[in-house]
Amino acid sequence: SYNVERTLFSSRGITMKAVRFVALIAGLLLSVQAFASQFVINHQFGQTAPTQADVLVVFAHQGQPVTVAGWSAEAQQLLNDALQANEFTGKHGERVDVLAPAGVAAKRIIVVGLGEADQLTRVKAELAGANLVGVLPQERAVTLVTTAVNDANAVAAIAHGLDLKNYRFDNYKSQAKARQQVTYQWHVADSAAVQQHYADYVAIAKGVFLARDITNLPGGDGYPQAIAEMAAKALKPYGIKVTILKPNQVRKAGMGALYGVSQGSEHKAYLLAAQWEGSKDQPIALVGKGNTFDTGGYNLKTSSASIVRMQTDKAGGAAVLGSVMALAAQKAPVNVVAVVPLSHNLISGTALLPGDVVTAGDGTTIEVANTDAEGRLILADGIWYARDKFKPRAIADIATLTGSKVGALGNVYAAVFSEQDDILASMKQAGEATQELVWELPLGPYPGIISSNLADIKNTGSPGAQAGAIFLQ
């Protein structure tokens, strides 16, 4: 979970339709795992009762007797007696492991509680699947029985939870444990419906894995050029149009705020745009912060616990790229573009100094009052590029923008800024549904919050989170 601050803007003001979201380089000095390697489970959904399994996983709702198709009444009773002895009630998160009754074509039975049937949300279903990772054997025949679950989407979400929990980032382990492919048989009520929902979840998982791989990549290997090429290689097979601006193109385009953040590094600024044109509608633009490593510049981060995690400063960019991949993999009928300004905020004799002035793509001059407030500098040019090149009907930016947000809301909620009540309501509803919670912070009025005596505006102000949002507004 990342401290993400979302700011929603459009080319005419702040009006944005909520869009949720929800890798491999050759020729560079790294080798990022292919997305296919993350899918270690082959899920096979069918409507035929299992005939033989080493392990049988039975999902049960709270307050309902546990039944398994094809079992004798005596075997059913023995299982329910064992569950009663273990005080199993079917509450979400409960799990009981028992030996199979005599005459059953299985050796071990795992019964998993899903809670009350009318309260089984997508998140709860995903957690039920995720909690089985590490419990199920790798070299045994496993069958999962969900015939008691009448919601095909919930069944698919259980499988999705298994997939997500199996993610690994072990590229730098000298003796990484081999990923073993396994096949799970599923006994479901409606196999066609479950398979259809699961296909959508596979697309989401691909986007999630891309976002995780990009975010986890250390700053020394995951510099702007590397991330741009890595993302392009991952996205193009899905029919996504990828545009990469190199450092000289960034500078020639007048994006001095983006270029300035990286000028102290040997790895200069890039800009990546990835468009899935699933419709001819005016596009929605998602602009994600792609600061590939953040030392803070001359306003150096002095906490070792903080700076060691600064490869995650590109999580916003990773999220918008993953979102576009997921939509493209679903062949969603939407026109959406991800724009990711990529920077490398280091210190050297050519780095920005506190008090320097840069000129953004729209011509605004900016006093760099703090070199560690670099996210808003690169996002400013990313937003300008999205507006200028794609003429979107709405723009949203997502970023690990400022520690001030953490001081205000902690780590559970992401801050969201918008002046549109309907959008805020949609964002909150989506956040509740996925447990990726958001909370509105005000945009003002805060007169003079980013005023500068030296330039048009400065990149700092108080309160800090609002200053960042108003700067981008």
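Distance OH/Y223 to NE2/H344: 9.5 Å, rounded to 0.5 Å.
Taking the side chain as every heavy atom from C-beta outward, D97 and I109 never approach each other to under 4.5 Å. By the 4.5 Å heavy-atom criterion applied to side chains, L377 and L379 are not counted as neighbours. Between E94 and T89 the shortest side-chain heavy-atom distance falls below 4.5 Å. Looking at F59 and V145, their side chains never come closer than 4.5 Å, going by heavy atoms from C-beta outward. Contact of the V324 side chain with the I240 side chain is registered, since non-hydrogen atoms from C-beta on lie closer than 4.5 Å. With contacts defined as side-chain heavy-atom distances shorter than 4.5 Å, the pair L271/T243 does not qualify. When side chains are defined from C-beta on, L144 counts as touching L132, because their heavy atoms get closer than 4.5 Å.
The residues E229 and K233 are annotated as not salt-bridged, no charged nitrogen and carboxylate oxygen being separated by less than 4.0 angstrom.
Atom CZ of R108 has more than 12 neighbouring heavy atoms from other residues, nucleotides or ligands inside a 6.0 Å radius. K246 NZ: 12 or fewer foreign heavy atoms inside a 6.0 Å radius. Applying the 6.0 Å contact sphere to CD of Q435 captures more than 12 heavy atoms from other residues, nucleotides or ligands. Annotation: E87, atom CD; neighbour count of heavy atoms from other residues, nucleotides and ligands within 6.0 Å does not exceed 12.
Listed by first then second residue, pairs satisfying side-chain hydrogen bond (donor to acceptor under 3.5 Å, both in side chains) with a partner in residues 53-66 number zero, not counting sequence neighbours.
Side-chain N/O atoms of Q44 and T183 include no donor and acceptor closer than 3.5 Å. Donor-acceptor pairing under 3.5 Å is recorded for the side chains of N345 and D294. For the residue pair E374 / N291, a side-chain donor-acceptor distance below 3.5 Å is found, with atom types taken as modelled. Side-chain contact, Q275 with N335: a donor N or O sits under 3.5 Å from an acceptor N or O. Counted by atom type alone, T400 and D313 present one or more donor-acceptor pairs between their side chains at under 3.5 Å. Under the 3.5 Å distance criterion, with hydrogens and angles disregarded, a donor-acceptor pair is assigned to the side chains of S191 and Q47.
A donor-acceptor contact shorter than 3.5 Å is absent between the side chain of Q76 and the backbone of S72. The backbone N or O of N153 sits less than 3.5 Å from a side-chain atom of D151, completing a donor-acceptor pair. For the pair D190 (side chain) and A193 (backbone), a donor-acceptor distance under 3.5 Å is present.
Every residue two or more places apart in sequence or in another chain was checked for a side chain to side chain donor-acceptor pair (under 3.5 Å) with T147, and none qualifies. For the ring-ring contact (aromatic ring centres under 6.0 Å, His included) test, no residue two or more places apart in sequence or in another chain qualifies with Y270.
Taking the six-membered ring where tryptophan is involved, the planes of H43 and F45 are essentially parallel, since the angle between them stays under 30° and well short of 60°.
For Y167 and F209, the distance between ring centers is under 6.0 angstrom. Between Y198 and H160, the ring center distance fails the sub-6.0 Å criterion.
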Exercise. D81 and Q77: side-chain hydrogen bond (donor to acceptor under 3.5 Å, both in side chains), yes or no, with the steps?
Worked result: CA-CA 6 Å; D81 288 346; Q77 187 60 50; 2.8 Å; yes
Problem set entry | Verdict with supporting geometry, K280 and E277, side chain to side chain contact (heavy atoms under 4.5 Å, CB included) | CA-CA 7 Å; K280 294 300 180 183; E277 199 169 0; 3.6 Å; yes
For this session: Before giving the answer on side-chain hydrogen bond (donor to acceptor under 3.5 Å, both in side chains), spell out for T215 and Q311 the whole-Å C-alpha distance, their side-chain angles and the decisive distance to 0.1 Å.
Result: CA-CA 7 Å; T215 303; Q311 80 273 15; over 6 Å; no
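Both cation-pi conditions hold for K428 and W439: the charged atom is under 6.0 angstrom from the six-membered ring centre and inside a 45 degree cone around its axis.
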